[in-house]
There are 2 protein chains.
Amino acid sequence: MTANPARADIHLSARKRAGNGAAPRDVADDIGLDALVGHAGYAVRRFQIWIFQDFIRTLGDVDIRPTQYSVLTVIGANPGLSQMAVAKRLGIERARLVHLLDSLEQRKLVKRTKSKEDRRSHALHLTAQGETALAKFKRLAAEHERHVEAKIGKANREQLLRILAGFT
Amino acid sequence: MTANPARADIHLSARKRAGNGAAPRDVADDIGLDALVGHAGYAVRRFQIWIFQDFIRTLGDVDIRPTQYSVLTVIGANPGLSQMAVAKRLGIERARLVHLLDSLEQRKLVKRTKSKEDRRSHALHLTAQGETALAKFKRLAAEHERHVEAKIGKANREQLLRILAGFT
DNA sequence: GAAAGATTGTTGTTGACGACAACAATTGCC
DNA sequence: GGCAATTGTTGTCGTCAACAACAATCTTTC
C-alpha cells in the first residue's frame, strides 16, 4: 500500500539549489537530507520500521508481534530447547525472554518443563494449541511477506535476502 | 563494546560428544530457524542492529547516536527549519524531538531562535561549534559506512541503497 | 569428595524510543 | 472578534536493549 511514486525520485537530485530565491518551504516535503542519503543505516532503519508495522498490522488479529513470532518459530522447529539456547540464537537477552515466555505460556502456546539432564534449565515445547496456532501465524506471516514483495518488488526482495543472509 | 571474548570458544561443537548419547543440543549453534529464514523482516532487523551498534561504536568518542546525527544533518543542510518540519521529515515525533534538541542545545551544537514569521515556532540553526563538530561527525560516519562496505561488500551495499531508496 | 567457579533462570533498574494526550501561546479562517 | 488548527512543551505509558544481582544448579579443580 501507499505506493509512493512521488517519493521515489527524491533520492536523486534531492535538495539541489535550484536557484529559486526565497521558497519558504512550509511543508516538510522538499527538505534535503544531504549526507543522510547514502547512509545505509538510515534506509535500513526506515525500511525496518515499515516492515514491522506491516507485520504487526497483518498479524494484528492474532496479536502476535515479530519477536513473539520468532520465538515460537524457533521453539517449534527445535522442541526441547533451553531458554538460554533460544535467547542466544535469536540475539535477545535471557532476561527479556523470561517475560516473552511468561506471556506465551499464559496464552497456552508454550510450556516450560523442567529439564531432566540439567535441572537449572527449562525445556521449551509448543503446546498442541501452540502448534495449530503457529500454523496460522505462518500463513499470516507469508501474507505479510507478500506485502513486502509488493512494496519493493519480488526480485529486489530476493536480492535483499541474499545480501543479508549472513545476519540470520 | 559487547564483544564478550570468553564466549568465542564455545561455538563449534566443543561439547557435542559429551559421552551421553542423548546430546540435547546444549549449544545454540546448529539450531534451525525454519520459517524464519526467508523472512525479510528478520534479516533486516538483525542487520539494522549490527549497523546501529557499529555506528554507535564508531562515533562513540564524540558521543553521537544515529538519531542525533540525523537531526544535526538535516538542520545543517536546511538552516532555519522549524521543529515540526524536522520531526516530519525524519519521522520522529515532535515530543521526542524536544528532548533531542534539549540535549544538542546544551552541548552548544544547535540553537533555537524564535521565528519572526511564526512566533509559535523555533528556527533551528547549527552553532559555529556545531558546524565544525558536524564536519567531524560526517567523517566518522563515512568511516562507519566503510565498515558496512567491508561487511556486506561494496556492490551489495549499493544494491541495498538502491532497493531501499524509496524509504528515505 | 568438597570448595571454587561458571551457568541458568529470574528480578529489578536504567535509558533510548515511539505513541498519545493535554496544555499555553500563537496563527489562520470565517 | 471568535473559533479551529498548529507549534512547542510536558507528561504518561508501553516496548525494548543493556546491566547487575541473586538463588539454584552444574562443572572444574584440588
Side-chain angles (χ1 to χ4, degrees), chain A residues 24 26-28 45-46 48-50 52-53 55-57 63-71 80-103 105 110 112-124, chain B residues 1-4 6-7 9-10 14-15 18-20 24 26-28 45-46 48-53 55-57 60 63-71 80-88 90-105 110-124:
Chain A
D26 40 8
V27 209
R45 173 172 150 69
R46 298 295 289 250
Q48 196 243 317
I49 290 173
W50 183 90
F52 267 47
Q53 279 174 350
F55 188 99
I56 292 171
R57 192 163 41 78
D63 192 29
I64 286 290
R65 319 194 82 246
T67 310
Q68 295 174 314
Y69 178 75
S70 70
V71 170
L81 236 46
S82 73
Q83 299 188 191
M84 192 64 202
V86 171
K88 212 182 288 184
R89 184 62 188 89
L90 290 176
I92 47 188
E93 292 215 10
R94 54 193 212 277
R96 168 105 191 95
L97 188 59
V98 171
H99 301 293
L100 283 169
L101 288 176
D102 285 349
S103 161
E105 204 172 24
V110 171
R112 292 187 250 220
T113 61
K114 288 212 251 283
S115 170
K116 285 287 187 184
E117 304 117 9
D118 187 338
R119 282 165 37 219
R120 294 172 300 180
S121 66
H122 292 162
L124 302 176
Chain B
M1 69 173 89
T2 60
N4 204 343
R7 283 276 170 70
D9 52 342
I10 308 179
R15 57 227 300 245
N20 48 2
D26 40 8
V27 207
R45 174 173 150 70
R46 296 296 290 249
Q48 196 243 320
I49 289 173
W50 184 90
I51 281 200
F52 267 48
Q53 279 175 349
F55 188 98
I56 292 171
R57 191 162 42 79
D63 192 29
I64 287 291
R65 319 193 87 252
T67 312
Q68 296 174 314
Y69 178 75
S70 69
V71 170
L81 237 45
S82 72
Q83 299 188 190
M84 192 63 202
V86 172
K88 210 182 290 181
L90 289 178
I92 41 190
E93 293 217 9
R94 55 193 211 278
R96 168 102 191 96
L97 189 59
V98 171
H99 301 293
L100 283 169
L101 288 176
D102 285 349
S103 163
L104 294 175
E105 204 172 23
V110 171
K111 64 173 177 298
R112 294 187 248 220
T113 61
K114 288 211 250 283
S115 170
K116 284 289 187 184
E117 304 118 6
D118 189 339
R119 278 164 42 217
R120 294 171 298 180
S121 66
H122 291 160
L124 302 176

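The sequence lines fix the lettering, A, B, ..., with proteins before strands; numbering per chain opens at 1.
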Let me know the distance between [atom1] of [X] and [atom2] of [N], rounded to the nearest Å.
X        : N      : atom1 : atom2 : value
B:Asp63  : C:dA16 : CG    : C1'   : 13 Å
B:Asp118 : C:dG28 : CG    : P     : 6 Å
A:Arg112 : C:dT8  : CZ    : C1'   : 12 Å
A:Arg65  : C:dG18 : CZ    : P     : 14 Å
A:Leu124 : C:dT8  : CG    : P     : 13 Å
A:Lys88  : D:dA18 : NZ    : C1'   : 17 Å
A:Phe52  : D:dG14 : CZ    : P     : 21 Å
A:Met84  : D:dA24 : CE    : C1'   : 16 Å

Minimal non-hydrogen separation, [X] against [Y], with atom names:
X        : Y       : value
A:Leu97  : A:Ala87 : CD2-N, 3.9 Å
A:Ser103 : A:Gln68 : OG-NE2, 3.7 Å
B:Arg65  : B:Phe55 : C-CE2, 3.8 Å
A:Gln48  : B:Arg45 : CG-CA, 4.1 Å

task: For A:Ile49 and for A:Leu101, locate the closest nucleotide of DNA chain C by heavy-atom distance; then report the residue assigned to the nucleotide nearer the 5' terminus.
output: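 Upstream on the strand: A:Leu101.
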Would you say a side-chain N or O of [X] is under 4.0 Å from OP1 or OP2 of [N]?
X        : N      : value
A:Ser121 : D:dT25 : no
A:Gln53  : C:dG18 : no
A:Gln83  : C:dT10 : yes
A:Arg94  : D:dC19 : no
A:His99  : C:dT11 : no
A:Arg119 : D:dC26 : yes

message: Any base atoms under 4.0 Å from B:Ile92, or only sugar-phosphate, or nothing? Heavy atoms, all strands.
response: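 Touches sugar-phosphate only.
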Side-chain ion pair, B:Lys111 and B:Glu105, N-O less than 4.0 Å: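 Between B:Glu105 and B:Lys111 there is no salt bridge, as every charged N stays at least 4.0 Å from the carboxylate O atoms.
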- prompt: Is there a donor and acceptor pair closer than 3.5 Å between the side chain of B:Arg96 and the base of C:dG18?
  reply: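 Per atom types, no contact qualifies.
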task: Report yes or no: is there a donor-acceptor pair, N or O only, under 3.5 Å between the side chain of B:Arg120 and the base of D:dT6?
output: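 Answer yes: a donor N or O sits under 3.5 Å from an acceptor.
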- prompt: If you pin A:Lys116 and A:Pro66 to their nearest nucleotides in DNA chain D, which one's is more 5'?
  reply: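 The answer here is A:Pro66.
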message: By nearest atom, which of the nucleotides C:dT8, C:dT26, D:dA18 is closest to the A:Glu93 side chain?
response: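 Of all the options, the side chain of A:Glu93 is nearest to D:dA18.
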message: I want to verify a distance call: between C:dT11, C:dC20, D:dC16, whose nearest atom is closest to the A:Val98 side chain?
response: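 The closest nucleotide is C:dT11.
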query: Just by modelled atom types, is the A:Ser82 backbone N or O under 3.5 Å from a matching donor or acceptor in the A:Ser121 side chain?
result: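 Such a contact is absent between A:Ser121 side chain and A:Ser82 backbone.
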